[in-house]
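Notes follow the structure.
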2 protein chains.
Amino acid sequence: MSATPVWPEELFTDLDRTGPVPLYYQVSSRLEQAIRSGRIPTGARLENEISIGEKLGLSRPTVRRAIQELVDKGLLVRRRGIGTQVVQGQVSRPVELTSLFEDLERTHHEPSTRVLSHEVIPADETIAEKLSVAVGSDVLRIRRLRGTDGSPVAILENYLPLEYTDLTEEDLNAKGLYQLLRARGVTIRIANQSISARRAHADEADLLDTARGGPLLTMERVAFDDSGKAVEFGHHCYRPDLYRFETTLVAK
Amino acid sequence: MSATPVWPEELFTDLDRTGPVPLYYQVSSRLEQAIRSGRIPTGARLENEISIGEKLGLSRPTVRRAIQELVDKGLLVRRRGIGTQVVQGQVSRPVELTSLFEDLERTHHEPSTRVLSHEVIPADETIAEKLSVAVGSDVLRIRRLRGTDGSPVAILENYLPLEYTDLTEEDLNAKGLYQLLRARGVTIRIANQSISARRAHADEADLLDTARGGPLLTMERVAFDDSGKAVEFGHHCYRPDLYRFETTLVAK
DNA sequence: AAGTGGTCTAGACCACCGA
DNA sequence: CGGTGGTCTAGACCACTTT
């Protein structure tokens with residue numbers, strides 16, 4: 001099939017063996033950049049793992065791990081007896097564990113926020129179940145309108161347990177919810193999402209500047225921190241002409 | 001924090017060291033079952049990797065890999081200096097690389113299919129780009145109505161390169177597209193998906209037995225095989241009251 | 001100080017593929 | 001047959017968290 005395998009060794013001349021950045025990560029991130037930039041072309045075959053290890057002065061497991069990272073991202077394909085190839089076809093960014101705010105920032109749009117409401121309410125049955133708290137216990141409810149480049153994009157309704165009720169409106173106007181949580185030492189580790197669609201209610205249509213009864217893209221999410229405790233339950237709706245969810249799936 | 005770590009050793013008494021099933025997979029799948037069934041409760045702390053390895057007669061890397069599988073699935077959380085814990089909160093199934101047909105089968109619904117059209121057409125610009133073929137080259141276009149339990153759920157429009165034009169209508173009525181491709185030795189490895197929403201066109205509304213102009217959940221997908229070649233480009237729409245996409249995201 | 005997971009090494013044997 | 005990735009071993013050192 002493909003004739004000579006490629007390995008741009010010059011990209012890996014200055015690996016840092018003393019710093020805190022893992023070797024496999026240094027290799028995989030540089031390799032990823034080389035692929036995304038086209039420096040290594042689509043369909044190219046990589047050298048085998050052992051020779052790469054020899055050239056880089058790394059053990060095979062370390063090289064394997066670096067390659068595996070990119071296989072998991074859908075950039076490379078490995079086949080036993082054949083070798084490792086760069087996937088053909090453009091690669092889209094997977095849905096990551098970030099907030100809409102960061103999504104927009106990353107794509108060079110100017111995110112804006114308006115806090116619509118910010119109040120402590122007793123948890124109803126749904127909220128209590130999602131957040132694993134008692135029915136009737138106090139939770140913080142926030143509702144925000146998120147926009148970009150002057151257009152409203154989404155209405156975000158979030159519920160947080162009592163311990164986060166001191167998040168202020170000013171905080172929320174300036175930063176994304178996940179950024180604020182991170183700044184308080186809370187790391188979101190796992191999230192369960194459910195994506196669907198429905199008609200816009202009248203107030204939602206007005207806020208999003210779209211037709212009443214028109215289609216909205218919806219996302220429900222429960223997010224958990226490192227220790228597995230529920231941190232946030234959210235119920236969001238997006239203007240489908242301005243937002244969509246993109247994923248790369250990789251079969252194992 | 002959590003007092004005594006747990007390890008239900010009795011679940012791992014008969015590991016098969018000779019068969020084709022990897023040891024790490026045997027361990028991780030049994031562990032997964034024990035967690036999903038509640039045999040190991042939510043929030044429980046697991047024993048450390050080295051003692052597990054000793055008890056099972058496995059090396060630490062093998063045990064680590066088994067655990068890592070479940071971390072990636074969002075069932076376990078590892079923290080340095082702390083240990084490994086079962087995540088609290090229910091875990092939903094991630095979006096997997098399967099077709100709608102298999103999704104429905106797995107959830108014990110009775111999938112039905114009606115092939116609406118099945119024809120060879122020249123590729124327009126969009127299709128040609130997605131499938132990496134020349135504009136104007138022949139591609140197979142199929143349009144199917146998928147239902148479950150008597151209700152129409154989705155309209156599936158798919159485009160496949162020339163080499164698959166011999167897929168017949170009878171095949172497609174009986175099985176899912178991905179099943180048919182697998183039977184021909186084609187494995188889908190990577191897919192890029194984009195999920196959004198829009199209004200239903202009149203013909204779609206009639207087919208799906210829903211309101212004209214009502215909301216539809218949409219998904220566009222390009223799927224690639226082992227070698228990275230584009231195998232299928234699809235444009236689907238779903239009744240949002242009967243279908244949604246569920247995902248578990250895990251931060252790395 | 002003790003215990004945990006995170007990384008890394010230097011081998012080994014096997015299954016699968018192509019020539 | 002030789003070359004490839006897939007799995008597995010038995011160690012090692014380190015960073016981080018709790019006691």
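Throughout, protein chains are lettered first and strands after them, A, B, ... in sequence-line order, and every chain is numbered starting at 1. Computed from a predicted model, the values in this text were never measured in an experiment.
Here the side chain of B:I82 is nearest to one of D:dT18, C:dG5, C:dC16, namely D:dT18. The side chain of B:N48 approaches C:dG5 more closely than any other nucleotide in the set C:dG5, D:dT4, C:dC8. Side chain of B:R45, nearest nucleotide from D:dT18, C:dG5, C:dT4: C:dT4.
The phosphate of D:dT7 has OP1 or OP2 within less than 4.0 Å of a side-chain N or O from B:Y24. A:R78 has a side-chain polar atom (N or O) that falls below the 4.0 Å cut-off from OP1 or OP2 of D:dG6. The phosphate of C:dT4 (OP1 or OP2) has no side-chain N or O of B:T84 nearer than 4.0 angstrom.
Among the heavy atoms of the strands lying under 4.0 Å from A:L23 are primed sugar atoms or P, OP1, OP2 only; no base atom is included.
A heavy atom closer than 4.0 Å to some atom of DNA chain D occurs in A:R60, A:R64, these being the qualifying members of residues 53-68 of chain A.
Comparing A:P22 and A:R80, the nucleotide of DNA chain C nearest to each residue sits closer to the 5' end for A:P22.
Partner A:N158 forms a side chain to side chain donor-acceptor pair (under 3.5 Å) with one of A:H235, A:R141, A:R144 and no other, that one being A:R144.
Residues that satisfy the salt bridge (charged side-chain N to carboxylate O under 4.0 Å, His left out) test with B:E169, not counting sequence neighbours, are absent from this structure.
In this structure, CD of B:E49 is placed 15 Å from C1' of D:dT9, rounded to the nearest angstrom.
Counted by atom type alone, A:Q68 and A:Y24 present zero donor-acceptor pairs between their side chains at under 3.5 Å. Side-chain contact check for B:S194 and B:N192: no donor-acceptor pair (N or O, by modelled atom type) lies under 3.5 Å.
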Might you work through the side-chain contact (heavy atoms from CB on, under 4.5 Å) test for A:D72 and B:D72, ending with a clear yes or no?
CA-CA 11 Å; A:D72 290 342; B:D72 291 341; 5.6 Å; no

